[in-house]
Amino acid sequence: MVETAYAGAQAPARHRAPSLRADFTISQDWNAYSPEEHDIWRTLFHRQESVLKGRACEEFLAGVRALGVVADAIPDFRRLNDTLQAATRWSIVAVPGLVPDAVFFEHLANRRFPSTCFIRRRDQLDYLQEPDVFHDVFGHVPMLMNPVFADYMQAYGQGGLKALGLGALHHLARLYWYTVEFGLIETAAGLRIYGSGIVSSKGESVYCLEDPCPNRLGFGLMRVMRTHYRIDDFQVTYFAIRSFDELFDATRPDFTPYYAELAGQPDLPAAMVLPSDRVLHRGMPR
Ligand code: PHE
Ligand code: FE
């Protein structure tokens, strides 16, 4: 699925398959982090903390607070799991990097979020091709504290297993990309971010809301599942939901007939705006 984009992941030696279990999990080995690694986390955390005020949605910010994720140090998954389990019955499992699609979906379907544990180097603060612990834990886990989003992610895992069998993974992966990773939400106060790929990126957190270049369009399930995406640069189009309930309701039906319908329709280039789109902002070419 989308994490295939990160196939180049190469974790530092101490995390490289120390003892890979059958479900591709490892142990986080929290005591092995160096002071420098904790310091990189601290730098990333402080940067995002200031940039996300007034940009991230309240659900995300509340999730960070409730989880007790702080600047001090890379979180210990055992501690996070106590809080997460009690709140929404989710847990984090450590993985060395990319895991096969079926394994990824199987974890989500069982309310387990596979998270990397290595952290990027200091010369990679702004951009990293593969997910690291900052992206996975700071970016993804806070939203799992939200009951509706927590159920959406589990349903996505179940849907992933089904899509694998139907050869429709590319359609479902686009949904993940444009919601879980790069989603925006319309609120009374204006557009806000909930996508993990955005909240863990300083540059894209500003760009997605304030730059004139990208399109900002109303979310549509079939629309999104037809649309290509960028894996190597900021997005050219963002889709905004109106609420997490709306998102979950749209994705509740069985997708089997949807995939059949999509098979007869052409894919759409990432930058395209259709007459049927609800345009919040039309992107202006650079
Ligand atoms: N209802 C979808 C299906 O039948 C599963 C799904 C739920 C997919 C939520 C994505 C998000 O495939
Ligand atoms: Fe991610």
Hey, mind stepping through Y152 and T179 against side-chain hydrogen bond (donor to acceptor under 3.5 Å, both in side chains) and telling me if it holds?
CA-CA 11 Å; Y152 173 70; T179 61; 3.0 Å; yes
Between R252 and D249, is the salt bridge (charged side-chain N to carboxylate O under 4.0 Å, His left out) condition met? List the steps.
CA-CA 5 Å; R252 229 182 272 272; D249 286 343; 2.9 Å; yes
Please report the C-alpha distance between Y127 and E204 in whole Å, then the side-chain angles of each, then the deciding distance to 0.1 Å, and finally whether the side-chain hydrogen bond (donor to acceptor under 3.5 Å, both in side chains) criterion is met.
CA-CA 10 Å; Y127 184 73; E204 195 152 7; over 6 Å; no
Please test R21 against D23 for salt bridge (charged side-chain N to carboxylate O under 4.0 Å, His left out), starting from the C-alpha separation and ending with a verdict.
CA-CA 5 Å; R21 302 180 194 112; D23 63 355; 5.3 Å; no
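Taking 4.0 Å as the cut-off between side-chain N and carboxylate O, E58 and R192 do not count as a salt-bridged pair. Between D277 and R216, none of the side-chain N atoms (NZ, or NE/NH1/NH2) sits under 4.0 Å from a carboxylate O, so this pair counts as no salt bridge. Checked for salt-bridge contact, R47 and D126 meet the test: a charged N lies under 4.0 Å from a carboxylate O. Here E36 pairs with R122 in a salt bridge; the nearest charged N to carboxylate O distance falls below 4.0 Å. Classification of R78 and D76 as a salt-bridged pair holds, one side-chain N sitting under 4.0 Å from a carboxylate O. Between D39 and R42 there is a salt bridge, with a side-chain nitrogen of the basic residue lying less than 4.0 Å from a carboxylate oxygen of the acidic one.
Both M222 and Y176 belong to a single network of hydrophobic side chains, linked directly or stepwise wherever heavy atoms of I, L, V, M, F, W or Y lie under 4.5 Å apart. Under a hydrophobic clustering in which Ile, Leu, Val, Met, Phe, Trp and Tyr are joined whenever their side-chain heavy atoms come within less than 4.5 Å, directly or via other members, L274 and Y229 fall into different clusters. F219 and V148 fall within a single hydrophobic cluster, where Ile, Leu, Val, Met, Phe, Trp and Tyr are joined by side-chain heavy atoms under 4.5 Å apart, directly or via other members. Criterion: ILVMFWY side-chain heavy atoms under 4.5 Å apart, direct or through other members. Under it, V133 and V70 are not part of a common hydrophobic cluster. Under the 4.5 Å side-chain contact rule for hydrophobic residues, V93 and L20 do not share a cluster.
Between W30 and H38, the gap from one ring centroid to the other is short of 6.0 Å. W41 and F134 have their aromatic ring centers within a separation under 6.0 angstrom. Aromatic rings from F60 and F138 are positioned such that their centres are separated by under 6.0 Å. Taking the six-membered ring where the residue is Trp, the centroids of Y194 and F244 are separated by under 6.0 Å.
Put simply, OG on S196 and CE on M143 are 8.0 Å apart, with the number rounded to the nearest 0.5 Å. From H281, atom NE2 reaches atom CG of L217 across 10.0 Å, with rounding to the nearest 0.5 Å. Between atom CG of residue L144 and atom CD of residue Q154 there is a gap of 11.0 Å, rounded to the nearest 0.5 Å.
Open room surrounds NZ on K202; 12 or fewer heavy atoms of other groups in view lie less than 6.0 Å from it.
Of the possible donor and acceptor atoms, one in the side chain of H171 sits under 3.5 Å from a partner among the backbone N and O of M225.
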Donor-acceptor pairs are to be reported for all side-chain atoms of residues 258-273 against protein atoms at under 3.5 Å, with residues two or more places apart or in another chain.
residue, atom, partner, partner atom, Å
D267, OD1, R174, NH1, 3.2
D267, OD2, R174, NH2, 3.0

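Here the rule is side chain to side chain contact (heavy atoms under 4.5 Å, CB included) with F239, and of V224, L221, L184, L280 only V224 fits it.
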